[in-house]
Amino acid sequence: MRLVRSVAELRIAVKALREQGLRIGFVPTMGFLHEGHASLIRQCASRCDATVVSIFVNPTQFSPNEDLAKYPQDLEADQSLCLKLGVSLLFLPEAQEMYPSNFQTFIEPGRVAEPLCGKYRPGHFRGVATVVAKLFNMVQPDLAFFGQKDLQQTAVIKRMVRDLNLPVDIAVVPTMREPDGLAMSSRNVYLGPEERKRALSISLALFSAESAFKSGERGAARLLSLALECLWGVDELQYCELVDASSLEPVVGLVDRTVAICVAAFVGSTRLIDNLILSPNPEAQGILSVGPD
Ligand code: AMP
């Protein structure tokens, strides 16, 4: 595994891979890697000839009151996991490398970035889209991998790729969970033992709606109220919504297409998100095909 820190080195290393005719897969991350990231990297390694992973805590997707300064890091553990998983190239840029002084060009996502997290994290998806577009231009992957855990992020990236004709395919990987159901997240490390127990109510709320859905419940309001009943453990609920899995627009009345039930909530001072896909077509149940169209 090769470690590179500058864009110039990265370009040379990627060029060498491409000259060997290899299909290049890319997994962008912010580090403090867990089994969710590992699942993306494994998928990438199984579908591509060379896997490029980036670790960069992107300042432009954090607002001033968020956790940029204390975002968890363990570069040594991240490196050994990447090595174990067969990563070819690990890109570890500094902020100055990604955003040199006088940086001033951003990608502005459209409607897909407005609901859900977009309401509570103004500018977040602008930062995400910008850094991902930059990383795509640097790595020029054939295929890039994103987690369903960040459902709206996948929708924003897919929309950007289509709208800007970026020459990359996007693969979405299912959410990895702890044995009790909590969605894995680098931020789970912030949770104290008592908060960790209460955080479980988020996935339980989603599973409760899913189980009613599987038993035939199709009323959007009923599904949401079942989820809300379980959300006793959170300190501040930002949203619990049923949205069209493609457009992310709210679904009211009867659920007659593939939807996502999405939650964002604070437990203590930790903001957690999670979602599940509900599809009236049993074969598509739980399978995500998020896309803007
Ligand atoms: P992050 O390091 O949090 O920016 O995440 C990097 C990538 O890993 C994103 O595409 C996330 O959606 C994905 N990811 C994070 N947590 C999980 C999880 N529990 N299961 C699957 N993918 C995940």
Discussion item. Test: salt bridge (Lys or Arg N to Asp or Glu O under 4.0 Å). Region: residues 120-133. Which pairs qualify, not counting sequence neighbours?
Written reply: Glu66-Arg121, Glu108-Arg126

Item to complete: Take Asn275 and Val243 through the test side chain to side chain contact (heavy atoms under 4.5 Å, CB included) and record every step on the way to the result.
Response: CA-CA 10 Å; Asn275 68 83; Val243 297; over 6 Å; no

Discussion item. Contact between Val255 and Leu278 at the side-chain level, heavy atoms closer than 4.5 Å - yes or no?
Written reply: no

Discussion item. So, taking the atom named OG1 in Thr51 and the one named CD in Gln43, what distance separates them when rounded to the nearest 0.5 Å?
Written reply: 11.0 Å

Worksheet item: Side chain of Gln153, backbone of Phe125: donor and acceptor closer than 3.5 Å?
Response: no

Practice prompt. Fit a plane to each ring of His37 and His34, take the angle between them on a 0 to 90° scale, and name the class: parallel (under 30°), tilted (30 to 60°) or perpendicular (over 60°).
Written response: tilted

For residues 18-32, which side-chain N or O atoms pair as donor and acceptor with protein atoms under 3.5 Å away, sequence neighbours left out?
unit_1: Arg18; atom_1: NH2; unit_2: Gln140; atom_2: O; d: 2.4
unit_1: Glu19; atom_1: OE2; unit_2: Lys15; atom_2: NZ; d: 3.4
unit_1: Gln20; atom_1: NE2; unit_2: Ala16; atom_2: O; d: 3.3
unit_1: Arg23; atom_1: NE; unit_2: Arg47; atom_2: O; d: 3.1
unit_1: Thr29; atom_1: OG1; unit_2: Gly31; atom_2: N; d: 3.0
unit_1: Thr29; atom_1: OG1; unit_2: Ser54; atom_2: O; d: 2.9

Discussion item. Between Arg196 and Glu178, does any side-chain N to carboxylate O distance fall below 4.0 Å?
Written reply: no

Discussion item. Ring of Tyr190, cation from Lys70 - is the NZ or CZ under 6.0 Å from the centre and inside 45° of the axis?
Written reply: yes

Practice prompt. List the steps and the verdict of side chain to side chain contact (heavy atoms under 4.5 Å, CB included) for Leu248 and Leu151.
Written response: CA-CA 9 Å; Leu248 305 187; Leu151 179 91; 3.9 Å; yes

Practice prompt. Could you tell me whether the side chain of Ser201 reaches within less than 4.5 Å of the side chain of Val234, counting heavy atoms only?
Written response: yes

Practice prompt. Count the heavy atoms of every other residue, nucleotide or ligand shown that sit under 6.0 Å from CD of Gln73, and state whether that count exceeds 12.
Written response: no

Discussion item. Within the 4.5 Å heavy-atom criterion, are Cys82 and Met1 side-chain neighbours or not?
Written reply: yes

Worksheet, complete the sentence: On a heavy-atom basis, the closest approach of Thr258 and Ser279 is OG1-OG, 3.1 Å

Worksheet entry | salt_bridge(Arg271, Asp67) N-O dist < 4.0 Å | no

Worksheet item: Does Glu76 use its side chain to pair, donor to acceptor, with the backbone of Asp74 at less than 3.5 Å?
Response: no

Worksheet entry | Mutual orientation of the aromatic rings belonging to Phe62 and Tyr71 [parallel < 30°, tilted 30-60°, perpendicular > 60°] | perpendicular

Response to the item:
When every non-hydrogen atom of Ala129 is compared with those of Ile107, the smallest separation belongs to CB-CG2, 3.8 Å

Worksheet item: Do the non-hydrogen side-chain atoms of Thr175 and Leu276 ever get within less than 4.5 Å of each other?
Response: no

Item to complete: For the residue pair Thr154 and Ile170, establish whether any side-chain heavy-atom pair is separated by less than 4.5 Å.
Response: no

Practice prompt. Kindly compute the distance separating NZ (Lys158) from CZ (Arg162), expressed to the nearest 0.5 Å.
Written response: 6.5 Å

Discussion item. Measuring only between side-chain heavy atoms, which start at C-beta, is Cys262 closer than 4.5 Å to Ile273?
Written reply: no

Discussion item. Could you check whether atom CZ of Arg218 has more than 12 heavy atoms from other residues, nucleotides or ligands sitting under 6.0 Å from it?
Written reply: yes

Run the side-chain donor-acceptor check on residues 89-98: report pairs under 3.5 Å with partners two or more places apart or on a different chain.
unit_1: Glu97; atom_1: OE2; unit_2: Val7; atom_2: N; d: 2.7

Practice prompt. Kindly determine whether Val128 and Ile157 satisfy side chain to side chain contact (heavy atoms under 4.5 Å, CB included), including the steps that lead there.
Written response: CA-CA 8 Å; Val128 169; Ile157 301 298; 4.1 Å; yes

Worksheet item: Hey, is the main chain of Thr270 close enough, under 3.5 Å, to the side chain of Asp235 for a donor-acceptor pair?
Response: no

Discussion item. In the structure I gave you, are the side-chain heavy atoms of Phe106 and Thr60 within less than 4.5 Å of one another anywhere?
Written reply: yes

